[in-house]
Amino acid sequence: MKSTTAIIGGAAAAVIIAAGIYMIDIDQTQETRMPDVDVSVNGGQLPEFEAEVGSVSVEQEDVTVEVPDVEVTMEEKRLSVPTLEITPPSDDS
């Protein structure tokens with residue numbers, strides 16, 4: 001049951017990420033210009049962008065489904081599980 005939930009959750013996350021990639025359209029509307037430097041300095045200019053994004057709405061619907069009636073007996077077992085160790089890069093400056 002837990003693995004099914006994890007698979008469904010992972011699939012849902014993949015769908016949301018894929019939809020997010022295709023739902024954003026960013027167009028650069030102005031180029032970057034570095035400041036002119038001589039005896040006096042004129043200000044620079046940052047680029048401007050226009051972004052169009054889609055919308056996602058999450059809704060809920062009540063439905064009736066047949067589910068099995070299962071009795072589960074729990075027992076403890078020792079398992080090896082994956083762990084994650086993160087080591088930040090050293091500061092070499």
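This is a predicted model, so every value here is computed, not measured.
Hydrophobic cluster membership of Val70, counting Ile, Leu, Val, Met, Phe, Trp and Tyr whose side-chain heavy atoms lie under 4.5 Å apart directly or via other members: Val72, Met74. Side-chain heavy-atom separations under 4.5 angstrom define the hydrophobic clusters, and Leu46 shares its cluster with no other residue. Cluster partners of Val65, using a side-chain heavy-atom cutoff of under 4.5 Å among ILVMFWY residues and allowing indirect links, are Val63, Val67. Applying the under-4.5 Å side-chain rule to Ile, Leu, Val, Met, Phe, Trp and Tyr, the cluster around Val81 consists of that residue alone.
Scanning all heavy atoms of the two residues, the minimum distance from Pro35 to Gly43 falls at CB-C, 4.3 Å.
Annotation: side-chain contact (heavy atoms from CB on, under 4.5 Å) contacts of Thr29 (sequence neighbours excluded): Glu48, Glu50. Evaluation of the side-chain hydrogen bond (donor to acceptor under 3.5 Å, both in side chains) rule for Gln30 yields Gln45 as partners, not counting sequence neighbours.
Cluster annotation: Val53 is not connected to Ile16 through the hydrophobic network of ILVMFWY side chains, with a link wherever side-chain heavy atoms come within less than 4.5 Å.
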